[in-house]
Amino acid sequence: MAVDGATGAGRLKSEADEPGWEVDPDDDWGVAVIATVGRQLRLRREAVGMRAADFGVSVGYGEDLVYKIEGGKRIPRPEFLDKADEVLDAGGLISAMKEDVAKVRYPKKVRELAKLEAQAVELQLYDPLNIHGLLQTPEYARGLLLMRRPAYTEDDVERMVAGRVARQAIFEKDPAPELSFVLEEWTLRRPLGGRPLLRAQLQRLLELGRLRNVELQVMPMEREEHAGLAGGIEVLKFGDGSAVGRSPAVANGRPVTEPKQLHILEMRYGIIRAQALTPRESTALIEQLLGET
């Protein structure tokens, strides 16, 4: 990683080259983790008698960026930690910090949601406005986030994209949870971010739809009845029989666990699924739209 070609020959990386790696000051756990990692890096560097500037050259980072990482102001990239481990001859101790650092990379709310999703054995998900975040390609997610007004900062966009991608590890779980998605046809037709992004997104949907534990259903635009007009629905069920759900139409969008409210959400989701195309019909429609894009 000694001077990355993306930053120009002979030029060391600065903050501008790595947007989205700041520490959220409101994330107490994250602040503590990154401060600890930075302190360990500094102690190790000083123990081997290496100046920050020389260390920076060895890993391809500017001296100022090295000080920010050591001071707990910046989240170190995983490849930085691997290179630092090598340069400082740490025997894997620095590289071992990557797991905790990776969790800090994502916003606190995303970590909490990802934790629930990872524990669930069944997920029922309906988004009336967008292709669900768990299904989005990084490029499509970035395109959507860049459209937000007031605009997100570039750092915020990169953090949120990384968070969505991290949550998609749920597709690689073993044993795999059962995942059911209902998508609105219009979200598959509207070329938000450009047709190349939409085309790649449709291909991604077809790939995920082939997984045995994933069911994708499309709500066609021509339907004259629709039980999802009150907003999106998320229901997560866990191995102990408990569940948590959320919808703008129930409890003002707050997560609910009461059986009565969960029943309402599951009933609505069941009707939406019944009104949507079957998984096989949905796959055929997505393939058709891909051919037209």
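Worth knowing before you read on, the calculation uses all heavy atoms, side chains too, and leaves out hydrogens, waters and symmetry mates. Numbering of residues begins at 1 and proceeds along the displayed sequence.
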Test log, rule side chain to side chain contact (heavy atoms under 4.5 Å, CB included), inputs L123 and F181: CA-CA 8 Å; L123 295 89; F181 297 88; over 6 Å; no
Shared hydrophobic cluster for L125 and V214 (ILVMFWY, side-chain gaps under 4.5 Å): yes
Closest non-hydrogen atom pair between V161 and A141, with its separation: CG2-C, 4.3 Å
Flag side-chain contact, heavy atom, 4.5 Å: L206 against E287: yes
Common cluster, L290/L216, ILVMFWY with side-chain heavy-atom separation under 4.5 Å: yes
Geometric class of the Y61/F80 ring pair [parallel <30°, tilted 30-60°, perpendicular >60°]: tilted
Sole residue of R246, R254, R268 in salt bridge (Lys or Arg N to Asp or Glu O under 4.0 Å) with E234: R246
Stepwise side chain to side chain contact (heavy atoms under 4.5 Å, CB included) test for L65 and R74: CA-CA 8 Å; L65 190 52; R74 296 276 297 181; 3.7 Å; yes
Shortest non-hydrogen contact from G231 toward P128: C-CG, 4.1 Å
Reported OH-to-CG distance for the pair Y140 and L135, which is rounded to 0.5 angstrom: 10.5 Å
R44 side-chain N/O to L88 backbone N/O, donor-acceptor pair under 3.5 Å: yes
Under 3.5 Å: donor-acceptor pair, side chain of Q217, backbone of S282: no
ILVMFWY cluster, L208 and Y126 together (side-chain gap under 4.5 Å): no
Distance in Å, H132 NE2 paired with L183 CG, rounded so as to fall on 0.5 Å steps: 9.5 Å
Closest approach of L229 to H226 (non-hydrogen atoms, all atoms of both residues): CG-O, 3.5 Å
Nearest atoms (heavy-atom pairs only) where G56 meets V66: CA-CG2, 3.8 Å
E185 side chain vs M221 backbone, donor-acceptor pair below 3.5 Å: yes
Stepwise salt bridge (Lys or Arg N to Asp or Glu O under 4.0 Å) test for E207 and R204: CA-CA 5 Å; E207 292 171 4; R204 174 61 171 166; 3.8 Å; yes
Minimum-distance pair of heavy atoms, taken over all atoms of P76 and I69: CB-CG2, 4.0 Å
Heavy-atom closest contact (K173 atom, Q119 atom, distance): NZ-N, 4.4 Å
Candidate pair R148 and M160, rule side chain to side chain contact (heavy atoms under 4.5 Å, CB included), full reasoning: CA-CA 12 Å; R148 195 257 196 184; M160 286 185 277; over 6 Å; no
L188 backbone acceptor or donor facing R190 side chain under 3.5 Å: no
From CA spacing to verdict: salt bridge (Lys or Arg N to Asp or Glu O under 4.0 Å), E86, K83: CA-CA 5 Å; E86 176 187 336; K83 187 65 176 179; 3.8 Å; yes
Verify same cluster id: L277, M219 (apolar side-chain graph, 4.5 Å): no
Step-by-step side-chain hydrogen bond (donor to acceptor under 3.5 Å, both in side chains) determination, N130 to T187: CA-CA 6 Å; N130 297 299; T187 66; over 6 Å; no
R45 (side chain) donor-acceptor with M50 (main chain) under 3.5 angstrom: yes
Hydrophobic cluster identity match, L205 and W186, side-chain contacts under 4.5 Å: no
Atom CZ of R223 with >12 non-hydrogen neighbours under 6.0 angstrom: yes
Reported CG-to-CD distance for the pair L81 and Q40, which is rounded to 0.5 angstrom: 12.0 Å
Nearest-0.5 Å distance that lies between atom NZ in K13 and atom CG in D64: 15.5 Å
Sub-4.5 Å side-chain heavy-atom contact between L197 and L192: no
Verdict with reasoning, I75 to V101, per side chain to side chain contact (heavy atoms under 4.5 Å, CB included): CA-CA 7 Å; I75 303 172; V101 170; 3.7 Å; yes
Any side-chain heavy-atom pair of F171 and L211 under 4.5 Å: yes
Pairwise side-chain contact, F55 with V48, heavy-atom cut-off 4.5 Å (strictly under): no
Backbone of G92 reached by a side-chain donor or acceptor of D85 within 3.5 Å: yes
Side-chain donor or acceptor of N213 paired with backbone N/O of P177 under 3.5 Å: yes
E292 CD: over 12 foreign heavy atoms closer than 6.0 Å: yes
L202 CG to R195 CZ distance, which is reported to the nearest 0.5 Å: 10.5 Å
Check against salt bridge (Lys or Arg N to Asp or Glu O under 4.0 Å), K260 and E258: CA-CA 6 Å; K260 181 178 180 180; E258 296 81 0; over 6 Å; no
Side-chain (E117) to main-chain (R167) donor-acceptor, under 3.5 angstrom: no
Value rounded to 0.5 Å, distance of CD in E215 from OG1 in T278: 9.5 Å
side-chain hydrogen bond (donor to acceptor under 3.5 Å, both in side chains) between S242 and D240, worked out: CA-CA 6 Å; S242 63; D240 61 1; 2.6 Å; yes
